There are 2 protein chains.
Amino acid sequence: MSDVSYVSAPPVGGRAREIVAAARELLEGEGPEAVSMRRIAERIGIKAPSLYKHFADKSAVESALVAQAMAELAEALEAAEAGSAGSAGSAGSAESAAGGSRLERITALMGAYRAYALAHPDLYRLMSGQPLDRAALPEGLEERAAAPLMRAVGGDHDAARAVWGFGHGMVALELAGRFPPGADLSGAWARGCGAFAG
Amino acid sequence: MSDVSYVSAPPVGGRAREIVAAARELLEGEGPEAVSMRRIAERIGIKAPSLYKHFADKSAVESALVAQAMAELAEALEAAEAGSAGSAGSAGSAESAAGGSRLERITALMGAYRAYALAHPDLYRLMSGQPLDRAALPEGLEERAAAPLMRAVGGDHDAARAVWGFGHGMVALELAGRFPPGADLSGAWARGCGAFAG
DNA sequence: GCAGAAGGCTAACATCGTTAGCCGCAGGCG
DNA sequence: CGCCTGCGGCTAACGATGTTAGCCTTCTGC
């Protein structure tokens with residue numbers, strides 16, 4: 001039986017790892033058009049059809065990339081959450097148990113979210129631009145990535161979705177170059193974070 | 001001289017119009033993968049290479065589509081603005097000259113924005129997912145589309161960008177199927193509009 | 001009446017994802 | 001020891017993509 005069976009689960013095999021690593025290098029180095037089965041194969045010294053011994057098709061490779069990116073983003077958000085918990089918090093106000101004002105926590109999360117997206121623009125677009133293949137994702141990853149924001153808004157689903165929408169929209173528009181060139185966006189980010197913290 | 005020169009400006013020629021109409025039908029009827037030069041040509045009874053007598057390349061056709069969609073979206077937003085100006089406004093409060101509370105106006109605009117995107121998902125994705133070819137856009141179209149929101153927030157650039165980011169993000173996530181299936185998003189929209197109106 | 005442009009056409013190229021089918025080699029087992 | 005199975009490579013090929021080169025017809029203006 002070939003690797004293909006466990007492609008839907010996280011691919012840990014050596015060759016499968018090499019393949020997603022090559023795909024990522026191409027994506028981040030030369031953009032999405034460079035990610036072709038032939039280029040991936042060439043990069044690891046095999047021919048394109050052999051890739052199908054490890055992944056069912058190109059979209060399965062992309063799904064593995066998405067899973068990788070989501071795990072990294074989750075880590076970044078968790079780090080930001082930890083950093084904002086005990087920061088220079090205004091003393092005395094009745095914050096939630098984790099410490100740090102709601103504004104500080106949301107601002108920290110949005111900052112980390114934006115930073116990750118700007119550091120990996122093509123990966124972020126791949127991750128967020130298409131319907132998520134949830135079957136190809138490690139169990140619980142999606143919830144793990146969402147959890148820090150969920151905690152920051154006190155478990156309010158509507159608020160979490162609104163903040164996520166805001167953050168994703170700002171990042172997507174920025175990555176697509178839709179804001180006026182050279183525009184200073186920090187004001188808009190601050191306005192958004194402030195609005196949702198109130 | 002061929003049509004190609006005025007492709008960067010709005011294509012009004014009969015054949016050019018037919019081409020973008022065919023492209024739109026394919027896009028909205030069968031999705032983005034169906035929009036190929038051969039399929040477009042077939043639909044109007046010519047062969048693919050002849051398209052290049054009217055448009056420089058495929059991206060020029062897409063730019064024309066984007067311009068069309070932006071004009072429609074601008075109209076929809078203007079209509080929503082007019083509708084919210086004289087609605088059941090709470091009497092007496094010191095609103096801006098146009099009438100209607102800030103919350104009502106933002107809610108109306110976001111509602112129209114979302115409605116357009118949901119009615120034309122592939123067109124919306126095409127319009128918002130890639131860097132805008134501003135040279136291919138009719139003069140002032142971009143500003144016209146942005147103006148209603150700009151007025152609703154009293155000319156505050158940061159607020160306008162934040163609200164736009166929110167609206168675009170919510171719509172993009174919804175179109176990509178990223179929210180839990182069957183989730184009721186009206187609460188999140190209300191939360192966002194409320195946050196930015198306060 | 002003729003020149004030139006407008007707007008068709010066919011043939012072709014490189015590239016894409018993907019499939020079919022073949023082969024060498026390693027490991028388990030009789 | 002020898003066989004057999006299957007993993008993981010390979011070549012050849014198919015259909016589709018965007019795009020170019022080059023040709024030909026038709027219409028218009030002088």
Side-chain angles (χ1 to χ4, degrees), chain A residues 1-9 11-27 29-66 122 126 129-130 133 136, chain B residues 1-9 11-27 29-66 122 126 129-130 133 136:
Chain A
M1 189 171 178
S2 94
D3 272 357
V4 178
S5 67
Y6 55 73
V7 152
S8 296
V12 282
R15 238 345 164 11
R17 252 206 216 294
E18 271 186 87
I19 291 170
V20 328
R24 179 160 183 172
E25 287 167 17
L26 284 167
L27 177 66
E30 303 182 46
E33 286 112 48
V35 185
S36 77
M37 296 303 263
R38 285 174 173 87
R39 295 283 312 271
I40 293 172
E42 179 192 27
R43 196 164 248 267
I44 62 174
I46 65 177
K47 300 306 176 71
S50 302
L51 294 176
Y52 293 84
K53 295 296 166 84
H54 304 276
F55 289 90
D57 53 22
K58 190 187 178 185
S59 85
V61 180
E62 290 173 341
S63 285
L65 236 31
V66 167
D122 288 301
L126 185 68
Q130 57 194 319
D133 180 7
Chain B
M1 190 172 179
S2 94
D3 273 358
V4 178
S5 67
Y6 56 73
V7 153
S8 296
V12 284
R15 238 354 173 358
R17 252 204 217 297
E18 273 185 86
I19 291 169
V20 328
R24 177 161 184 171
E25 288 167 16
L26 286 166
L27 178 66
E30 303 183 44
E33 284 113 49
V35 186
S36 78
M37 296 302 262
R38 286 175 172 85
R39 296 282 313 271
I40 293 172
E42 180 192 25
R43 196 164 247 267
I44 62 175
I46 65 177
K47 299 304 176 73
S50 301
L51 294 175
Y52 293 84
K53 295 294 167 84
H54 304 276
F55 288 89
D57 52 21
K58 189 187 179 187
S59 85
V61 180
E62 291 174 340
S63 285
L65 235 31
V66 167
D122 288 302
L126 184 69
Q130 57 194 323
D133 181 6

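This structure is a prediction, so every number in the text was calculated from the model and none was measured. Excluded from the calculations below are hydrogen atoms, water molecules and symmetry mates; all remaining heavy atoms, backbone and side chain alike, are included. Here is how names work: the chains are called A, B, and so on, in the same order as the sequence lines, proteins then strands, and each is numbered from 1.
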Closest heavy-atom pair and its distance - [X], [Y]:
{"X": "B:M37", "Y": "B:L51", "value": "O-CD1, 3.1 Å"}
{"X": "B:F55", "Y": "B:A64", "value": "CE2-CB, 4.3 Å"}
{"X": "B:R39", "Y": "B:L26", "value": "NH2-CD2, 3.5 Å"}

Take the protein atom [atom1] of [X] and the nucleotide atom [atom2] of [N], then report the distance between them rounded to whole Å.
{"X": "B:I46", "N": "C:dT10", "atom1": "CD1", "atom2": "P", "answer": "12 Å"}
{"X": "B:R15", "N": "C:dA5", "atom1": "CZ", "atom2": "P", "answer": "22 Å"}
{"X": "A:L51", "N": "C:dT19", "atom1": "CG", "atom2": "P", "answer": "13 Å"}
{"X": "A:Y52", "N": "C:dC16", "atom1": "OH", "atom2": "P", "answer": "11 Å"}
{"X": "B:K58", "N": "C:dC16", "atom1": "NZ", "atom2": "C1'", "answer": "13 Å"}
{"X": "B:E42", "N": "C:dG8", "atom1": "CD", "atom2": "P", "answer": "16 Å"}
{"X": "A:R39", "N": "C:dT18", "atom1": "CZ", "atom2": "P", "answer": "17 Å"}
{"X": "A:L26", "N": "C:dC16", "atom1": "CG", "atom2": "P", "answer": "11 Å"}

Quiz prompt | Salt-bridge present (A:K47, A:E42; N to O < 4.0 Å) | solution = no
Quiz item: Can B:R43 and B:E18 be counted as an ion pair, charged N to O under 4.0 angstrom?
Solution: no
Any N/O pairs under 3.5 Å between the protein and nucleotides 21-26 of chain C? List them or say none.
none

Quiz item: Does some side-chain heavy atom of A:P32 sit less than 4.5 Å from a side-chain heavy atom of A:L126?
Solution: no
Quiz item: How about A:I44 and A:R15: do any of their side-chain heavy atoms sit closer than 4.5 Å?
Solution: yes
Practice problem: Look at A:S50 and D:dC10 and indicate whether a side-chain polar atom (N or O) is within less than 4.0 Å of OP1 or OP2. | Solution: yes
Self-check item: DNA chain C contacts among residues 29-38 of chain A, heavy-atom distance under 4.0 Å
Solution: A:V35, A:S36, A:M37, A:R38
Quiz item: Taking the side chain from B:S63 and the backbone from B:S59, do they hold a donor-acceptor pair closer than 3.5 Å?
Solution: yes
Quiz item: Taking only residues two or more places apart in sequence, or in another chain, which ones meet A:D133 in a side-chain hydrogen bond (donor to acceptor under 3.5 Å, both in side chains)?
Solution: none
